[in-house]
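Down below is the structure, laid out as structure tokens.
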Protein chains: 2
Amino acid sequence: MAREDERTRNAPSARLYRHVIDVLRAEIEGAVLRPGDRLPSEKRLVERFNVSRLTIREAVIGLEILGLVEPRHGSGVFVRSNRVTQAAQAGSLDIGPVELIEARRIVEVQTAALAALEATDEQIAAMRDILADMDKEERAEGSAEWIADRVFHLAIARASQNAVLAMMVEAMWDLRRRSPLSHEMLERIARAGQTPRIADHHRILEAIEKRDPAAARRAMRAHLDRVMADLLDFTELEAKERVSTEIAHRRETARRRAAL
Amino acid sequence: MAREDERTRNAPSARLYRHVIDVLRAEIEGAVLRPGDRLPSEKRLVERFNVSRLTIREAVIGLEILGLVEPRHGSGVFVRSNRVTQAAQAGSLDIGPVELIEARRIVEVQTAALAALEATDEQIAAMRDILADMDKEERAEGSAEWIADRVFHLAIARASQNAVLAMMVEAMWDLRRRSPLSHEMLERIARAGQTPRIADHHRILEAIEKRDPAAARRAMRAHLDRVMADLLDFTELEAKERVSTEIAHRRETARRRAAL
DNA sequence: TGCGGCAACTCATCAGACAAGTCAATGCAG
DNA sequence: CTGCATTGACTTGTCTGATGAGTTGCCGCA
């Protein structure tokens, strides 16, 4: 009961190895230590950080689990290269929007088909109302459009008559809201996107009304594929920008090294 | 290529703390240790695993970085609670086992296919270990077989390299445990079932090892279809029994009333 | 020159010690 | 009897020193 309060009160864990991890991580990510490089030996790190070898060891293990580093017995500790695996290996705290859409596609395509089979007349009527509201709101202010979006998709999930699937869909939308990364990005895309989401939604509802699972599945898939495509376009644009700054940075590094 | 095999085969080269992490992680994810619980003290873990306290400490740090656990100085190491699971807990309706299997079928069939595409060699090796443990445990005591089951399916979900899907799968297994209805029923079926789950699991892993998404999808689908079939058989049987006891009860009541 | 073997260096693990934080039971003062 | 301070057992955090085992490079020998 009071357990939760205690936990929140528990101040920032001031464990020593945390500090060492933070510093080394910064150096790895800041390209001071580059992939393939060997970290200074434990002995030297002891001198540098003024802590015992144990603490250094703990920090190295932390970095290993984060996927940043790979100790080799008898040889040294080496910086890992693959960025993708390192993100996957760490218990990635923030959820990527691509993952989210991919997961939604898997679950919601099926819920749409099930809903076409099993939705009650009341549920279909409710969906119709929601869509009508969305039409109206779109003309008014698009500030919180995603809320209506969420409600619509949740209504479909509930109409699948499977409480577990409904929970999953709800959880995924919650995830989106909780993850700053995903939420902001998807929000911006939705705002800027030319995607006729409303038309997508109408097509989905239409298929459900006709009790046509195949059509419902198709419509939902098309919808989420479009969202994903928008997302990837957007990501690509952003990535290109990042790449050019990255390359600029590498060029600078090479110049400095050549000057020696 | 042959090096990969050597490395995976080379079990002793795996650091000790890895093993401790794997076991404790399995217990946390298998819900032997539940959120808020305190882990055994380092001293007791030393005795249990027959390693030094240093190794235990390293494992605890690993679990901490994975976000599974939270050490509190002077008090103990506590299991953290999962966010998605908590959300699911809020809507505390009881979940039917049929719904659960249906939802799992939708999600896990796809995670298996994705895992066949994207699993790292380490992840595949881990799955192999889990299956080997299951083989051993099956011969010993079948008390907590479902824990290994859960861990295996979770490993696949994680190998899909989609954190959202992994969360969903984890949440569904938590749902199962939390729902007395589902848990007990599925447990009994597993115990009594003639289903060669082990063989199913081996087929799934084999497909993933071969990097064959279609086969993985097929194997997982077959597996869950079998579980579903067992469940339905069992439900039918139980329903029939209930009917006969019901009728027996009515007969008794009628007799008593007639005796008046 | 070529190669085996040795030595130095690395990580991996163990054992024991002490500091510091937590928590509950105990005992004393009011 | 109640409330509060103390104490003591238990826990994690950190340090020290020692041994084992794998890697690597150098040196001397053939």
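Proteins get letters first, then strands, A, B, ... in listed order; numbering begins at 1 in each.
For A/Arg38, the side-chain contact (heavy atoms from CB on, under 4.5 Å) partners two or more places apart in sequence, or in a different chain, are A/Phe78. Checked against salt bridge (Lys or Arg N to Asp or Glu O under 4.0 Å), A/Glu42 has the following partners two or more places apart in sequence or in another chain: A/Arg57. The ring pair (Phe, Tyr, Trp, His ring centres under 6.0 Å) search around B/Phe152 returns B/His201, not counting sequence neighbours. The side-chain contact (heavy atoms from CB on, under 4.5 Å) check on B/Ala216 picks up B/Ala112, B/Ala116, B/Ala207, B/Ile208, with sequence neighbours excluded. Residues satisfying the side-chain contact (heavy atoms from CB on, under 4.5 Å) criterion with A/Val77, sequence neighbours excluded, are A/Leu39, A/Val60, A/Val69, A/Pro71.
Atom pair B/Ile61:CD1 and D/dG13:P shows a separation of 8 Å (rounding to whole Å applied). Nucleotide C/dG16 holds its P atom 16 Å from the CD atom of B/Glu42, rounded to whole Å. We find that NE2 of B/His73 is positioned 13 Å from P of C/dA19, with the value rounded to whole Å. Straight-line distance from the NZ atom of B/Lys43 to the P atom of C/dA15: 14 Å, rounded to whole Å. As a whole-Å value, the separation of A/Glu70 CD from C/dC11 P is 13 Å. A straight line from CZ of A/Arg38 to P of D/dG25 spans 10 Å, rounded to a whole angstrom. Whole-Å rounding puts the B/Arg72 CZ to C/dA20 C1' distance at 17 Å. Rounded to whole angstrom, the span from the CZ atom of B/Phe78 across to the C1' atom of C/dG21 amounts to 12 Å.
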Output the pairing pattern of DNA chain C as a dot-bracket string, 5' first, Watson-Crick or G-U wobble with both distances under 3.5 Å, | for cross-strand pairs, [ ] for crossing pairs.
||||||||||||||||||||||||||||||
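The salt bridge (Lys or Arg N to Asp or Glu O under 4.0 Å) contacts involving residues 211-223 of chain B comprise B/Asp121-B/Arg211, where partners must be two or more places apart or lie in separate chains.
Residues of residues 48-57 of chain A having a heavy atom closer than 4.0 Å to DNA chain D, listed by number: A/Val51, A/Ser52, A/Arg53, A/Leu54, A/Thr55.
Within the structure, a side-chain polar atom (N or O) of B/Ser41 is placed less than 4.0 Å from OP1 or OP2 of D/dT11.
Mapping B/Leu39 and A/Ser75 onto DNA chain D by nearest heavy atom places B/Leu39 at the nucleotide closer to the 5' end.
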Return all side-chain donor-acceptor pairs below 3.5 angstrom for residues 20-27 of chain B, not counting sequence neighbours, or 'none' if the list is empty.
{"unit_1": "B/Arg25", "atom_1": "NE", "unit_2": "B/Glu29", "atom_2": "OE2", "d": "3.2"}
{"unit_1": "B/Glu27", "atom_1": "OE2", "unit_2": "B/Arg48", "atom_2": "NH2", "d": "2.6"}

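At a threshold of 4.0 angstrom between heavy atoms, the contacts of A/Val77 are confined to the sugar-phosphate backbone, with no base atom among them.
Within the 3.5 Å criterion, the main-chain N or O of B/Ala219 finds no donor-acceptor partner in the side chain of B/His223.
Under the 4.0 Å criterion applied to side-chain N and carboxylate O atoms, B/Arg158 and B/Glu118 are not assigned as salt-bridge partners.
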